[in-house]
Amino acid sequence: MDVSHLLDGMNDRQRDAVSADERHMLVLAGAGSGKTRVLVHRIAWLIQVMQYSPMSIMAVTFTNKAAAEMRGRVEQLLGRDVRSMWLGTFHGLAHRLLRAHYQDAKLPQNFQILDSDDQLRLVKRILRALNLDEKQWPAKQAQWYINGKKDEGLRAEHIDAFDITDKTLKEVYAAYQEACDRAGLVDFAELLLRAHELLRDNKYVREHYQKRFRHILVDEFQDTNQIQYAWVQMLAGTQNYVTIVGDDDQSIYGWRGAQVENLQHFLRDFPSAETIRLEQNYRSTNMILQAANAVIANNEDRLGKELWTDGADGAPISLYGAFNEQEEARYIVSRIMQWQEQGGALSDIALLYRNNAQSRVLEEGLLYAQIPYRIYGGLRFFDRQEVKDAVAYLRLISNRNDDAAFERVVNTPTRGIGERTLGLVREAAKNEQTTMWRAAQQLVNEKILTGRARTAVTGFLTLVNELEEATHAMSLSAQTDKVLHGSGLLAMYQAEKSDKAETRVDNLKELVSATETFVPTGEEGMTPLAEFLSHAALEAGEEQADAHQDAVQLMTLHSAKGLEFKLVFMTGMEEGTFPSLQSSAESGRLAEERRLCYVGMTRAMEQLVLTYAETRRLYGQMNTHRPSRFIGELPPDHVENVREHVRVETPSQSRSRFHTGVSHESFVETGFKLGQRVLHSKFGEGTVLNYEGTGSQSRIQVNFATGSKWLVVAYARLTALD
DNA sequence: CACTTGCACTTTTTT
DNA sequence: AGTGCAAGTG
């Protein structure tokens with residue numbers, strides 16, 4: 001059999017990894033080293049050369065996107081489908097396991113998944129039920145605690161709590177878990193923990209899967225947490241082979257429980273593992289790689305790895321120090337236009353920032369210059385309020401005991417079930433250790449509820465029951481459509497008069513088409529509705545955007561991981577912004593920020609531009625920052641400071657280059673430059689920070705010793721000092 | 001029960 | 001600055 005195509009065009013290290021004998025393997029894959037390709041080819045090798053059935057392979061990723069891409073590429077390479085291969089996210093695979101063995105996992109067959117938003121609401125209710133002051137015990141913190149413990153594999157009863165804080169949080173955890181169990185709800189962390197316990201406690205199930213999965217491959221291993229590691233270990237048993245792929249230098253999720261140490265733990269727990277380093281980079285220029293290497297070299301305790309390329313040296317890294325964030329945006333816009341004039345595509349450009357708040361000014365600049373852009377990381381489809389409302393009705397149809405869904409829509413649209421009535425239901429549910437649905441039924445039957453409240457609650461219960469009866473034989477999309485109309489949700493949003501409400505109606509219609517295109521697998525004896533509900537929870541859906549329009553891509557440094565662009569801007573390279581204020585004190589957190597910087601830099605293929613602003617407005621407060629320490633870690637001869645070039649530009653040159661707009665006209669008219677020192681008769685000396693408006697309306701912002709002021713140029717009688 | 005006002009918050013995000 | 005949430009008011 002000719003399998004040469006599986007190794008074609010690969011370097012020696014890549015071939016080693018793809019064609020290795022059966023053994024444990026750690027593939028330390030640097031950025032742009034062809035990691036996914038190696039993983040895909042390794043899977044194909046196992047199937048085609050080693051003659052493994054796809055059934056005996058399990059491959060794990062972190063995102064649905066990565067899983068889908070991997071499956072597609074394997075199938076393309078093999079020219080056959082590999083549906084029987086377990087390939088998915090940790091959560092997706094754990095979910096599959098729990099569905100298949102729901103009884104052993106002590107779950108109801110129709111258990112539903114609780115997303116983090118639902119989880120937070122539920123935690124809030126628990127806090128209230130326990131009479132805990134929400135100021136003293138923030139729901140977010142309790143949620144964080146619960147998920148943290150689950151990530152560590154701990155149940156409430158296993159936690160030793162000594163002080164009052166721990167004792168209280170443990171109590172909340174226990175009460176929350178009881179509520180989940182009663183309602184048949186499983187949160188994200190619970191998926192992993194339950195699946196782990198299922199394998200641990202059930203010999204039959206464990207051995208079945210240990211026999212089945214001969215090869216386990218895990219991508220982005222540096223992002224695994226404790227329970228995920230334990231999960232892999234459990235399935236590996238003593239007989240199977242584990243291949244992990246990762247890069248300790250790209251570990252940027254420590255703050256949410258990821259443990260880089262898992263890479264070392266792997267070497268400890270699988271001592272026969274062979275380590276293969278992929279260090280040849282196929283993405284970036286030498287200039288960029290050397291700079292990135294120099295920055296990351298400042299971190300300690302690395303597994304050790306240095307990227308290299310035999311490609312071009314490329315252009316030096318541009319560094320631009322702006323006076324404020326508006327000017328930073330203007331510079332970026334000018335570079336984008338320059339790129340466009342040279343025939344470059346906008347979709348090859350990325351604007352990266354440390355926090356989402358930074359995108360605003362950049363957007364304004366792009367909007368003003370009429371450059372199309374696309375922002376990553378907005379609200380996802382299934383996370384939208386109206387979509388969640390509709391899904392909640394579907395969830396109730398599927399499982400009446402779903403308290404999260406009950407609470408969400410019991411009075412949406414309003415049907416006269418107020419806080420007072422709901423309080424009675426909650427109390428009854430608490431006293432009887434039952435769910436909201438059953439408690440409501442009971443209150444109605446026992447005539448504890450009377451009058452209007454009784455009618456209203458009865459109306460809701462009947463509505464959900466009738467919706468199920470009327471739709472259980474329908475197709476999923478017809479069912480959804482009927483629920484939208486029957487529940488009154490659609491009418492409610494249609495009655496609202498705002499452009500926001502219009503998009504909401506559109507999204508509800510979009511939900512119907514989503515159910516039309518959804519293809520149930522029919523596996524695990526699930527109904528199409530149940531499958532769709534799981535899908536909605538596990539895959540929040542791509543954010544809708546015209547992905548195909550030629551547009552500049554805006555995103556946080558975190559969401560840029562795994563992507564590449566010809567021209568990359570890293571903005572806000574200032575102390576306090578990047579590294580973030582919260583991280584700069586602690587060395588561990590700082591190291592993670594540095595890795596984030598490394599991730600950002602290695603996204604760039606051809607050109608990397610770093611920008612910072614000397615002053616930046618944050619939370620309505622003007623702040624002055626020093627340039628990021630990471631800038632100081634760059635090799636000086638790899639950096640070109642482009643600020644000087646701009647400063648010596650005359651206003652008219654600048655005007656033509658910026659294709660000017662109003663503010664540039666005024667810039668010309670005021671006769672002042674940003675950063676220029678000026679003298680005011682009353683406020684004394686100051687520095688020009690910003691400008692706006694035209695002609696006699698034009699104002700400039702000047703930072704005086706007493707603070708910054710906006711002055712109308714025509715009246716302020718300012719004297720230029722330099 | 002709906003609407004208004006006041007207050008506290010503000011890194012990063014996937015499942 | 002802007003937002004989201006909870007208590008207060010009609």
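Every chain is numbered from 1 and lettered A, B, ... according to where its sequence line falls, protein lines coming before strand lines. A quick note: this is a predicted structure, and the numbers were derived from the prediction, not measured.
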Heavy atoms under 4.0 Å, any strand shown: does [X] hit a base, just sugar-phosphate, or nothing?
| X | value |
| --- | --- |
| A/Arg360 | sugar-phosphate |
| A/Asp223 | nothing |
| A/Asn356 | sugar-phosphate |
| A/Ser580 | base |
| A/Phe62 | sugar-phosphate |
| A/Thr577 | nothing |
| A/Ile417 | sugar-phosphate |

Measure from NZ or CZ of [X] to the centre of the six-membered ring of [Y], then state whether that distance is under 6.0 Å and the direction lies within 45° of the axis.
| X | Y | result |
| --- | --- | --- |
| A/Arg408 | A/Phe406 | no |
| A/Arg589 | A/Trp255 | no |
| A/Arg99 | A/Phe111 | yes |
| A/Arg256 | A/Tyr253 | yes |

- prompt: When the nearest nucleotide of DNA chain B is assigned to A/Arg589 and to A/Gly418 on a heavy-atom basis, which residue is associated with the more 5' position?
  reply: A/Gly418
message: If you assign A/Gln582 and A/His91 each to the DNA chain B nucleotide with the nearest heavy atom, which residue ends up on the more 5' nucleotide?
response: A/Gln582
query: Given pairs defined as Watson-Crick or G-U wobble with both distances under 3.5 Å, what dot-bracket annotation applies to DNA chain B, with ( ) intrastrand, [ ] crossing, | other strand and . unpaired?
result: ||||||||||.....
Answer yes if the side chains of [X] and [Y] hold a donor-acceptor pair under 3.5 Å, and no otherwise.
| X | Y | result |
| --- | --- | --- |
| A/Gln143 | A/Gln119 | yes |
| A/Thr458 | A/Thr455 | no |
| A/Thr611 | A/Glu328 | yes |

message: With side-chain contact (heavy atoms from CB on, under 4.5 Å) as the test, pick out the partner of A/Thr571 among A/Leu557, A/Val361, A/Leu554, A/Ile332.
response: A/Ile332
task: Identify the 5'-most and 3'-most nucleotides of DNA chain C with at least one atom closer than 4.0 Å to a non-hydrogen atom of chain A.
output: C/dA1 to C/dA6
- request: For the pair A/Tyr209 and A/His101, name the ring-plane relationship: parallel under 30°, tilted 30 to 60°, perpendicular over 60°.
  value: perpendicular
message: Angle between ring planes, A/Phe382 versus A/Phe532, binned at 30° and 60°: parallel, tilted or perpendicular?
response: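 Perpendicular, since the angle between the ring planes exceeds 60°.
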message: For a quick test of reading the model, state the closest non-hydrogen atom pair linking A/Arg415 to A/Asn411 and the distance between them.
response: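 Looks like N-OD1, 2.7 Å.
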query: Which two nucleotides bound the region of DNA chain B that has atoms under 4.0 Å from heavy atoms of chain A, read 5' to 3'?
result: B/dC1 to B/dT15
